[in-house]
Every structure is written in C-alpha cells, then in structure tokens.
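In what follows, every chain begins at residue 1, and chains take the letters A, B, ... in the order their sequences are listed. Only this structure's heavy atoms are used, side chains among them; waters, hydrogens and symmetry mates stay out.
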Amino acid sequence: MRWTNTFIPTMKESPAEAEIVSHKLLLRAGLVRKLTGGLYTFLPAGLRALKKVEQIVREEMDRAGALEVLMPALQPPDIWEKSGRLESAQDVLFHVKDRSKKDWVLGPTHEEVITTLVAGELNSYKQLPVNFYQIQTKFRDEIRPRFGLMRAKEFIMKDAYSFDIEDESSNASYKRMYDAYGRIFARCGLRAFPVEADTGVMGGAHSHEFMVPAETGENEVVYSESGDYAANIEKATSQGPLKITPQESCSAAEKFETPNVKTIDDLTTRFDVLPEQQIKTLVYIADGKFVLLLLRGDDLLEEAKLGSFLKCALFRAATDIEIYELLGAYPGSLGAVDINKDIRILADNVLKGASGMVTGANDDGFHLKNVDIKRDIHIDDWCDLRKVKTGELCLKTGEPLKIQRAIEVGHVFKLGTKYSEALGAKVLDERGKNVPCIMGCYGIGVTRTLQAVIEQCFDENGINWPTSVAPYQVCVTALDVDEDSEVMKLASRIYDELGAKGVDVILDDRPVRPGIKFKDSELIGFPLRIGIGKRSLENGNVELKPKSDEMILCSPNETVDKALEWLEANRV
RNA sequence: CGGGAUGUAGCGUAGCCUGGUUAGCGCGCUGCACUGGGGGUGCAGAGGUCGGGAGUUCAAAUCUCCCCAUCCCGACCA
C-alpha cells in the first residue's frame with residue numbers, strides 16, 4: 001500500500017476524551033474514530049491490526065479443533081426466557097422492536113443460540129465432543145462505556161462453546177481452550193496470565209480469566225510471587241487478616257451512647273475502638289428478601305462472593321430508607337444482636353469466635369460493646385465474604401499475597417448443564433439414555449485484546465506493535481518522492497520485493513517533510529522502518545530502523561534480505 | 001443510578017468570575033514562495049448555530065433555568 005492511497009489521519013494532540021494511553025494512541029495513530037460513546041469506527045490501519053488479531057484467534061481455534069460458525073446478533077427473547085437470563089442478564093441486554101412491535105434482543109453472548117442449534121442438530125454421543133466458535137459483534141448495554149474499545153456498547157468477541165458427553169472429556173475440552181488461549185495471547189505479543197475467576201451470571205462451576213497486567217485495568221488480581229496462586233479478587237482467598245480478631249471472654253453486651261457516629265472510623269477515633277474489634281453490618285436485598293451481612297470492621301465486602309454464595313445474580317445494597325423500615329435505624333448504628341425478625345444473617349468466617357466486639361445497636365446514636373458473636377447473634381450461615389488485602393498470606397503457598405490491576409482479555413468457563421438442560425441440548429448416551437450435554441464456553445474480547453496490546457506496548461513516541469499484529473510490518477520511508485528520483489526508484493523496488501515476499505509493507509510516498517514521516521511512522525508504530533534518502537544513499541546506505549532498537553545500515557541490494565532477516569528474528 | 005467537572009472551527013484551548021468592538025491563539029486544512037534527513041519559515045486564505053432551548057437585559061460565549069452530550073469518581077457507607 002502506498003501511503004497516499006490510504007487513509008491514516010494521525011494527530012499531534014490527543015482528544016480530551018481519551019484518558020488512558022492506549023485510547024489516546026488509537027486515536028492519535030489514526031486507527032479508530034468515535035461515532036459516539038462506546039461506539040467506534042475502525043479506520044483502514046486499525047482494521048488491519050484488528051484482522052490480524054482475529055486471524056491469530058481463528059488459526060489457534062482451528063488448531064484446537066473448534067469449528068467456525070456465524071450466528072445471528074439479533075435474537076428472539078424466548079430462548080433467553082428459557083435460560084433464565086432474560087431476567088438475570090437484564091442489565092446488559094439491548095432490546096429492539098420490529099414493525100409488529102415484537103421484542104428482540106441483541107446478543108451480548110451466544111449460549112442460547114448455540115445450545116438451540118445443538119438441541120436441534122445433535123442426537124447422539126457419537127457426534128460429541130464438538131466445539132463451535134465464532135468471531136462476532138456483541139452488544140452490551142454497559143453502565144458506563146469507557147476507555148475507548150476497552151468497554152464499549154458494541155465490540156468484537158470470539159466465543160466458543162464446547163459440548164461433551166461426560167465430565168472427563170469436558171475437562172479435556174476446557175484444557176484445550178485454556179492452552180489455546182495461552183498461545184493466542186503470546187502470538188499477539190501480550191503478557192497475559194490465567195487466574196482463577198468467579199463465574200458470575202454465566203453460571204457454571206469453574207473458570208479462569210486471562211489477564212493482562214495494567215494499572216488502567218478494571219480488574220484486580222491477587223497473586224503470589226512464585227506464581228503458584230493467582231485469582232481474581234472477586235474470588236481470591238487468604239489465610240485471613242494480619243490483625244487478630246479479639247476472642248477473650250467478655251461480660252454481657254452493653255449499650256452505650258455514640259452520638260453522630262456514622263462510620264467505623266468515627267468509632268475508632270472518638271471511642272478508641274479498633275476496626276478489627278468492630279462488627280460491620282450491611283443490609284442487602286437478594287431475590288426480594290433482606291439479608292444481613294456481618295464483616296469485621298476493617299474488611300470490605302466482596303459482592304461477587306455474596307452472589308456466588310447465595311447463587312443469586314440479582315442483589316443490591318438496601319437503601320437507607322429500606323434499612324430504617326427494617327431495623328429502625330440508619331446505617332452507622334446497625335447491628336445483628338437480638339433481631340426478632342425473620343432475616344437471614346450471613347457472617348464472614350473471620351468473625352468466628354469473635355467476642356468483646358462493638359456493633360451498632362439498631363438505635364441511631366447507640367452501639368453495643370462486649371458483643372460475643374456466638375452468644376449474642378444468631379448466625380444462619382458462615383461464609384467467605386471479605387475482600388482479600390495485600391500482604392495477607394496465601395492459603396496454598398504461605399507467601400504474602402500481592403494485588404495487581406489487570407485487563408481481562410479472555411475467560412474460559414465450565415458451564416455444566418445449565419444451558420443444555422434449559423434449552424434441551426440432549427443426546428443419547430451409550431446406554432440409550434437421554435442426557436444433557438456438558439458445556440463449556442470460552443470468550444476472547446478481540447477488540448479489547450487489540451487495545452490491550454497497545455496499552456502494554458508503547459513508548460514516548462507511539463505504539464510499539466509486535467510484528468504479528470502491526471497494521472504493516474514494514475514502512476518504507478522515501479525521503480524524495482519524485483517518481484524519477486533514485487531514492488524513489490529504490491524505495492519502490494524494495495517495497496515491491498518485500499511485498500512479493502509476503503511482507504505487509506507500506507510505502508510512505510507522501511510529499512511531506514522527513515520529520516513528519518519519521519514522527520508518523522513512530523506514532524503508528526511500524527516495527528521496522530526502512531529509511532531511504534539521498535543523504536545516506538550517497539554513502540551507499542539504506543537505513544533499517546526497528547521501532548524499538550538501534551539503526552542498522554546496509555547497502556541497497558542487501559536491504560530486502562536484511563529486512564526479512566530482522567522480521568524473522570523478531571517474529572512473535 | 002448518585003456525585004463532580006466540562007462543552008467555544010477537524011483537534012487542543014483563551015475569553016466567562018466583573019455582560020459591551022469584528023470571539024483570540026496553537027495544530028491541522030487551502031494557495032504561493034522559500035526550505036528540504038526529525039512535526040521548518042514567511043505571506044495570503046477558508047473554516048464558528050460559542051452543545052440545544054427558554055429567560056433576564058438596550059446588549060449574552062459571559063448571568064438564570066431546563067434539556068442534551070462528553071469525561072471523571074462512586075455505586076463498598078454502615
């Protein structure tokens with residue numbers, strides 16, 4: 001491609017809307033343009049990079065034995081009704097109406113569609129295992145689209161669905177995808193690593209997320225230095241807090257006045273009650289019923305753990321007014337001692353055996369001290385609700401845990417039979433018995449992966465594309481664009497020869513000053529620039545300038561070979 | 001959904017508080033000249049519903065109200 005025949009609108013300054021470096025570079029390098037919040041147009045160079053990521057994904061999925069299909073984005077709501085997700089996924093579902101006012105949904109993912117397909121087409125265990133995948137546009141009504149392609153209303157995802165007759169082969173299908181994901185991200189030049197993850201609204205038993213470490217990521221990953229443990233913070237566990245919960249025997253609980261105390265911190269500073277000596281009481285509504293959650297004062301609730309324990313996707317914190325109507329007090333003075341109502345009470349494991357604790361008295365401006373959790377509170381269930389903190393010790397290895405922000409680029413789930421049962425994806429097994437398929441599902445955010453590459457690979461001048469996903473691997477920068485000049489003749493020849501060798505190459509034939517060409521090629525981030533100008537040519541030299549390495553000089557005739565050599569040595 | 005901030009040319013912004021010429025500047029864009037290996041210089045241009053609507057006023061980018069959009073934070077406070 002000649003630069004003058006394509007469209008790469010680079011910018012010197014970045015639009016104010018872009019906050020993170022990858023978003024700025026996407027815009028500045030002329031790869032995408034925003035239509036409106038969460039919706040982007042891919043421009044020619046951006047589309048090339050996107051297609052390269054897609055192609056890597058496709059090759060590795062094919063290699064892992066998955067079969068490519070393409071399913072509709074527009075879907076009938078009744079299959080969502082059947083799976084139960086019309087309700088549980090309501091927050092992200094886009095609805096549209098047709099001319100007869102019938103309701104449709106735009107697919108945020110395709111479990112329902114693929115399971116319906118399998119229900120209709122597969123009847124025998126002999127047809128299993130099978131894994132279908134597609135690369136398709138998904139629609140999600142995000143609360144807050146942000147960071148360009150990272151969290152968009154519409155995005156491209158690779159989704160795969162495996163169907164197996166029994167657990168063992170289902171695990172093998174899972175493993176095959178897990179391994180394929182490692183190869184995919186490596187080929188994209190990404191440092192991504194798998195972590196144990198919560199399954200969320202997808203349901204299912206077991207899952208891993210593939211994470212790219214980045215301070216701008218929306219997830220937090222808990223890991224041990226040795227790498228033997230890594231989990232999403234939504235799921236992560238530890239040996240417990242570093243400060244010990246008081247467990248000495250104590251006298252009867254006693255009410256005391258705490259005017260205007262609203263927070264854990266107030267109690268600590270004004271009444272000298274350490275946070276680890278307090279019981280924090282939260283009120284949630286899950287499936288329409290109140291639940292009280294007890295945590296130690298210095299702990300935070302991890303909502304995903306609550307959802308996972310209750311097996312409930314729809315829950316929320318109660319409002320102050322709901323809480324007042326329930327307990328007769330506002331947040332700040334809540335407690336679970338002597339509750340005479342039929343409310344389920346969950347307590348975090350850390351509170352086991354706690355005594356001498358302080359908690360709200362359900363009377364504004366009053367708290368209770370000397371609370372013994374076993375003696376004074378009726379706990380329905382003990383469970384893990386707290387968010388792990390940095391420095392706590394790993395259950396598995398005993399090492400201090402660290403926390404790192406990360407971008408989730410892939411997620412693999414063991415789904416079990418949730419969808420196959422709901423949508424009738426059953427086959428006859430060896431004994432002639434009708435059994436639901438055991439499913440797995442496997443997603444990769446393709447557009448997000450593309451941006452994650454940029455977020456991880458850049459310098460002060462622009463993007464540092466890995467050769468595998470760069471829009472063009474090589475930019476031939478001609479510093480004299482007169483078609484009859486020696487410089488341009490040589491540039492054209494090298495460009496043609498590289499193209500003939502299958503290299504993605506662009507010829508910068510713009511009649512602009514050299515500085516602009518150099519800056520642009522570094523901003524867009526072509527891995528290798530071949531600079532051809534009169535000045536170096538007079539000395540018999542052509543310049544090979546890898547984006548992130550020192551310049552190499554060579555003679556015009558060896559340029560193509562040297563470039564091929566460099567590309568080979570820098571294959572990802 | 002709650003809170004905060006911001007909307008002025010394609011992009012980045014000044015002006016707004018304290019109402020009053022023709023709304024200024026940088027980048028980009030067009031033309032010409034010079035220049036010609038790191039976003040060059042000069043001259044001449046084009047480009048603005050000052051987010052939208054309503055109001056106050058002799059007069060509104062500027063003050064008031066409503067709406068819209070964008071960005072940030074939060075939705076974990078007990």
Review point. Is there a donor-acceptor pair under 3.5 Å between the side chain of A:Thr4 and the backbone N or O of A:Arg510?
Key: no
Exercise for review: Nearest 0.5 Å please: distance from the CD atom of A:Glu303 over to the CG atom of A:Leu385.
Suggested key: 11.0 Å
Practice item. Quote, to the nearest angstrom, the C1' distance that separates B:A23 from B:A75. Key: 41 Å
Exercise for review: Check whether any side-chain N or O of A:Arg144 sits under 4.0 Å from OP1 or OP2 of B:A75, and answer yes or no.
Suggested key: no
Revision key, fill the gap. Partner of A:Ile279 under side chain to side chain contact (heavy atoms under 4.5 Å, CB included), picked from A:Arg296, A:Met357, A:His367, is A:Met357
Practice item. Measure the distance from CG on A:Asn539 to P on B:G37 and round it to the nearest whole Å. Key: 14 Å
Exercise for review: Grab the CG-P distance between A:Leu523 and B:G38 for me, whole Å please.
Suggested key: 18 Å
Check your understanding: Counting only N and O atoms by type, is there a donor-acceptor contact under 3.5 Å from the side chain of A:Asp509 to the main-chain atoms of A:Trp3?
Key -> yes
Exercise for review: Give one of base, sugar-phosphate or nothing for A:Lys545, where a contact means two heavy atoms less than 4.0 Å apart.
Suggested key: nothing
Output a table of nitrogen or oxygen pairs between the protein and nucleotides 41-51 of chain B separated by less than 3.5 Å.
none

Practice item. Answer with yes or no whether A:Arg535 presents, from its side chain, a donor or acceptor under 3.5 Å of a partner atom in the base of B:G37. Key: no
List, with names and distances, any nitrogen or oxygen atoms from the protein found under 3.5 Å away from nitrogen or oxygen atoms belonging to nucleotides 76-78 of chain B.
unit_1, atom_1, unit_2, atom_2, d
B:C76, OP2, A:Tyr284, OH, 3.3
B:C76, OP2, A:Glu303, OE2, 3.2
B:C76, N3, A:Leu301, O, 2.2
B:C76, N4, A:Leu301, O, 2.0
B:C76, N4, A:Glu303, N, 3.3
B:A78, OP2, A:Lys280, NZ, 3.3
B:A78, O2', A:Gly332, N, 2.6

Point to revise | Between B:G24 and B:C34 - C1' atom distance, rounded Å | key: 28 Å
**Study point:** Residue whose closest nucleotide on RNA chain B lies nearer the 5' end, A:Lys519 versus A:Gly38
**Key:** A:Lys519
Review point. Quick check: does any side chain N or O of A:Ser333 sit under 3.5 Å from a backbone N or O of A:Gly365, one acting as donor and the other as acceptor?
Key: yes
Practice item. Using the C1' atom as the reference point in each nucleotide, state the distance between B:G10 and B:C29 in Å, no decimals. Key: 9 Å
Review point. Is the CG atom of A:Asn5 crowded by more than 12 outside heavy atoms at less than 6.0 Å?
Key: yes
**Study point:** With A:Asp299, the salt bridge (Lys or Arg N to Asp or Glu O under 4.0 Å) member among A:Lys389, A:Lys387, A:Lys280
**Key:** A:Lys389
Exercise for review: Please state how far atom CD1 in A:Ile516 lies from atom P in B:G37, giving the value in whole angstrom units.
Suggested key: 13 Å
Side-chain atoms of residues 306-316 of chain A: list all donor-acceptor pairs with protein atoms under 3.5 Å, sequence neighbours left out, distances to 0.1 Å.
unit_1, atom_1, unit_2, atom_2, d
A:Arg316, NH1, A:Glu322, OE1, 3.0
A:Arg316, NH2, A:Glu322, OE2, 2.8

Point to revise | Secondary-structure stems for RNA chain B, with pairs counted as Watson-Crick or G-U when both distances are under 3.5 Å and runs at least 3 long | key: B:1-7 with B:68-74, B:10-13 with B:24-27, B:29-34 with B:40-45, B:51-55 with B:63-67
Point to revise | Between B:U35 and B:U41 - C1' atom distance, rounded Å | key: 8 Å
Practice item. Identify the residue among A:Glu408, A:Glu142, A:Glu19 that makes a salt bridge (Lys or Arg N to Asp or Glu O under 4.0 Å) with A:Arg151. Key: A:Glu142
Check your understanding: Atom CD1 in A:Ile8, atom CD1 in A:Ile506: separation rounded to 0.5 Å?
Key -> 4.0 Å
Check your understanding: Is A:Lys369 close enough and on-axis enough to A:Phe256, meaning under 6.0 Å and within 45°, for cation-pi?
Key -> yes
Check your understanding: For A:Tyr472, is the NZ or CZ atom of A:Arg48 found under 6.0 angstrom from the centre of its six-membered ring and inside 45 degrees of the ring axis?
Key -> yes
Check your understanding: With sugar-phosphate meaning primed atoms plus P, OP1 and OP2, does A:Arg316 contact a base, only sugar-phosphate, or nothing at under 4.0 Å between heavy atoms?
Key -> nothing
**Study point:** Atom C1', compared across B:C63 and B:C16: separation rounded to whole Å
**Key:** 10 Å
Please produce a list of atom pairs where a protein N or O lies less than 3.5 Å from an N or O of nucleotides 5-8 of chain B.
none

Review point. Please give, in whole Å, the distance from B:G36 P to A:Lys517 NZ?
Key: 17 Å
**Study point:** Gap in Å between the two P atoms, one belonging to B:U22 and one to B:U18, rounded
**Key:** 24 Å
Exercise for review: Could you tell me whether A:Tyr324 contacts a base, only the sugar-phosphate backbone, or nothing, with contacts defined as non-hydrogen atoms closer than 4.0 Å?
Suggested key: nothing
Exercise for review: Just do the side-chain contact (heavy atoms from CB on, under 4.5 Å) check on A:Ile463 and A:Val453 with the steps written out, would you?
Suggested key: CA-CA 9 Å; A:Ile463 303 170; A:Val453 172; over 6 Å; no
Exercise for review: Determine whether the side chains of A:Thr359 and A:Gln278 contain a donor N or O and an acceptor N or O closer than 3.5 Å.
Suggested key: no
**Study point:** Any donor-acceptor N/O pair under 3.5 Å between B:G36 base and A:Asp480 side chain
**Key:** no
Check your understanding: CG of A:Leu507 to OG1 of A:Thr6: how many Å apart, nearest 0.5 Å?
Key -> 12.5 Å
Study note, to complete from the structure: Output for pair (A:Glu486 CD, A:Lys489 NZ), nearest 0.5 Å, gives 5.0 Å
Check your understanding: Distance between the C1' atoms of B:A60 and B:U8, in whole angstroms?
Key -> 14 Å
Practice item. Establish, for the pair A:Lys34 and A:Tyr40, whether the NZ or CZ atom is under 6.0 angstrom from the six-membered ring centre and no further than 45 degrees off its axis. Key: no
Point to revise | A:Arg33 side chain near B:G10 phosphate (N/O to OP1/OP2, under 4.0 Å) | key: no
Exercise for review: With heavy atoms under 4.0 Å as the rule, sort A:Arg296 into base, sugar-phosphate or nothing.
Suggested key: nothing
Point to revise | Rounded P spacing from B:G15 to B:A54 in Å | key: 28 Å
Check your understanding: In residues 12-29 of chain A, which ones come under 4.0 Å of RNA chain B, going by heavy atoms?
Key -> A:Lys12, A:Glu13, A:Ser14, A:Pro15, A:Ala16, A:Glu17, A:Glu19, A:Arg28
